[in-house]
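Written below as structure tokens is the structure these notes are about.
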Amino acid sequence: MNTQRRLFLQQTAGLLGLAGLLSLTKNKTFATSPTAAKPYVVFVTGDHEYSGELTLPFIAAELEKNYGMRTKVLKSVPDYNGEKDIPGLEVLREADLAVFFLRWRQLPQEQLNYIEEYLKSGKPVMGFRTTTHAFNYPDGDPRQKWNAFGEFALGSPPGWGGAAKHTHYGHKSTTDVTIIPEAAKNPILTGVAPSFHVASWLYRVLPDYPAKGAVPLLMGKSVNPDKEAIDNPVAWTWQNQWGGKTFMTTLGHPEDFQVEAFQRLVINAIHWELGKPVPKKWKGKIAINVPYGHPK
């Protein structure tokens with residue numbers, strides 16, 4: 001009797017264990033990591049002027065809180081003026097999207113290697129404002145090709161000035177922004193106001209940029225320019241030579257990040273870059289209040 005009872009209990013336990021395993025398999029609770037399905041967005045910051053290392057963490061926090069993403073914000077050291085070190089760039093190997101807000105960095109080759117590896121993977125790339133001139137290596141430096149990062153990664157002019165005459169219309173100017181009619185149905189512009197005003201002084205990228213094949217989304221008109229001004233695109237999409245989807249905006253003044261239309265543009269663009277549906281329901285304006293120019 002004891003032997004029969006023991007066999008019965010063993011068989012029952014086995015059946016219960018199998019039932020539990022089948023239940024877990026049905027619900028997929030045992031096989032899915034809490035973070036496995038969450039896109040990983042890495043922000044790479046380092047600019048002298050626009051406080052990108054302060055504004056972008058607000059975007060990162062919003063992505064984590066309301067849009068089911070994981071994020072990492074990398075910063076120049078010892079501070080925003082540190083041009084030669086952005087620790088942690090190896091995390092780009094895990095990233096699903098790399099977002100750059102850089103200005104005139106001179107990173108060591110081993111750090112550039114992580115960026116190059118990411119670009120050549122064909123993963124999406126996003127850039128803000130001074131990323132058109134992300135790097136500034138002197139003549140004769142073997143890394144000087146990186147001065148054209150804006151061009152080969154984002155379809156923008158290859159650095160500041162030069163043959164492209166990439167410039168702006170003065171620090172006392174601002175910019176009126178309107179949706180380009182032909183782009184009105186682009187998903188990135190979902191819910192974006194048809195016109196809005198930003199603090200950024202307009203960047204001149206025409207006539208040769210954005211690069212061939214780019215799709216301009218927003219047009220900027222300089223208000224109170226310091227020289228004769230023409231309207232210029234301020235946001236576009238593109239595909240770089242490695243097949244990476246690109247979104248670039250020449251906006252990025254910290255006061256731009258206070259404008260709800262700009263906030264929605266950025267959140268939408270991140271979803272588009274990741275191949276995810278643009279949110280139909282906006283979670284509401286993000287409270288961002290970051291000063292310009294790193295005042296003491």
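Please read all numbers here as calculations on a predicted model, not as lab measurements.
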Looking only at heavy atoms, which two atoms of [X] and [Y] are closest? And how far apart?
X	Y	value
Gly68	Pro39	O-CD, 3.7 Å
Met126	Ala269	CE-CB, 4.0 Å
Pro157	Ala164	CB-CB, 4.1 Å
Leu92	Ala98	CD2-CB, 3.8 Å
Pro124	Leu97	O-CD1, 3.5 Å
Arg105	Gly82	NH1-O, 3.0 Å

Can you check whether [X] reaches [Y] side chain to side chain, under 4.5 Å on heavy atoms?
X	Y	value
Arg143	Phe135	no
Tyr50	Thr55	no
Asp141	Gln106	no
Glu110	Glu90	no
Leu189	Leu265	yes
Trp238	Met248	no
Glu273	Val99	no
Val205	Pro233	yes

Roughly how far, to the nearest 0.5 Å, is [atom2] of [Y] from [atom1] of [X]?
X	Y	atom1	atom2	value
Leu107	Lys84	CG	NZ	10.5 Å
Thr249	Leu217	OG1	CG	9.0 Å
Phe58	Gln263	CZ	CD	10.5 Å
Leu102	Glu83	CG	CD	11.5 Å
Gln109	Trp146	CD	CH2	7.5 Å
Ile286	Glu260	CD1	CD	8.5 Å

How would you list, by chain and number, every residue that makes a salt bridge (Lys or Arg N to Asp or Glu O under 4.0 Å) with [X], sequence neighbours excluded?
X	answer
Asp226	none
Lys276	none
Glu49	Arg103
Glu117	Arg93

Task: Donor-acceptor side-chain pairing of Thr130 and Asp47 below 3.5 angstrom - done: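 No, because no side-chain N or O of Thr130 sits under 3.5 Å from a partner of the opposite role on Asp47.
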Does [X], at its [atom1] atom, have more than 12 non-hydrogen atoms belonging to other residues, nucleotides or ligands within less than 6.0 Å?
X	atom1	answer
Glu228	CD	no
Lys72	NZ	no
Lys227	NZ	yes

Answer yes if [X] and [Y] sit in the same cluster of Ile, Leu, Val, Met, Phe, Trp and Tyr residues linked by side chain heavy atoms under 4.5 Å apart, and no otherwise.
X	Y	answer
Trp201	Val259	yes
Val278	Val192	no
Leu89	Trp242	yes
Val223	Phe262	no
Phe196	Ile267	yes

Quick check against the 3.5 Å criterion: does [X] have a side-chain atom that pairs as donor or acceptor with the backbone of [Y]?
X	Y	result
Arg129	Thr250	yes
Glu53	Ser76	no
Asp85	Val77	no
Asp96	Tyr40	yes
Asn224	Lys172	yes

- [ ] State which residue, out of Thr174, Asp256, Thr175, fulfils the side-chain hydrogen bond (donor to acceptor under 3.5 Å, both in side chains) condition with Ser200.
- [x]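 That would be Asp256; it is the only one of Thr174, Asp256, Thr175 passing the side-chain hydrogen bond (donor to acceptor under 3.5 Å, both in side chains) with Ser200.
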Task: Leu56 and Phe257: CA distance, side-chain angles, deciding distance, side-chain contact (heavy atoms from CB on, under 4.5 Å) verdict - done: CA-CA 9 Å; Leu56 291 183; Phe257 282 90; 4.0 Å; yes
TODO: Assess whether side-chain contact (heavy atoms from CB on, under 4.5 Å) is satisfied between Lys221 and Leu202, documenting all intermediate values.
DONE: CA-CA 7 Å; Lys221 181 179 184 63; Leu202 181 64; 5.8 Å; no
TODO: Determine which pairs satisfy side-chain hydrogen bond (donor to acceptor under 3.5 Å, both in side chains) with at least one residue from residues 148-171, sequence neighbours left out, and list them in order.
DONE: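 Sorted result for residues 148-171: Thr132-His166, Glu151-Tyr209.
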Open item on the list: Once side-chain hydrogen bond (donor to acceptor under 3.5 Å, both in side chains) is applied, what residue pairs with a partner in residues 177-193 remain, sequence neighbours excluded?
Closed with: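 Non-adjacent pairs meeting side-chain hydrogen bond (donor to acceptor under 3.5 Å, both in side chains): zero.
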- [ ] Among Phe128, Tyr80, Phe43, find the residue that satisfies the ring-ring contact (aromatic ring centres under 6.0 Å, His included) test when tested with Phe101.
- [x]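 Considering Phe128, Tyr80, Phe43, a ring-ring contact (aromatic ring centres under 6.0 Å, His included) with Phe101 is found only for Phe128.
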Task: Aromatic centroids of Tyr203 and Trp236 separated by under 6.0 Å - done: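 No - the distance between ring centres of Trp236 and Tyr203 does not fall below the 6.0 Å cut-off.
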Open item on the list: Centroid separation under 6.0 Å, is that true for the rings of Phe100 and Phe149?
Closed with: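 Yes.
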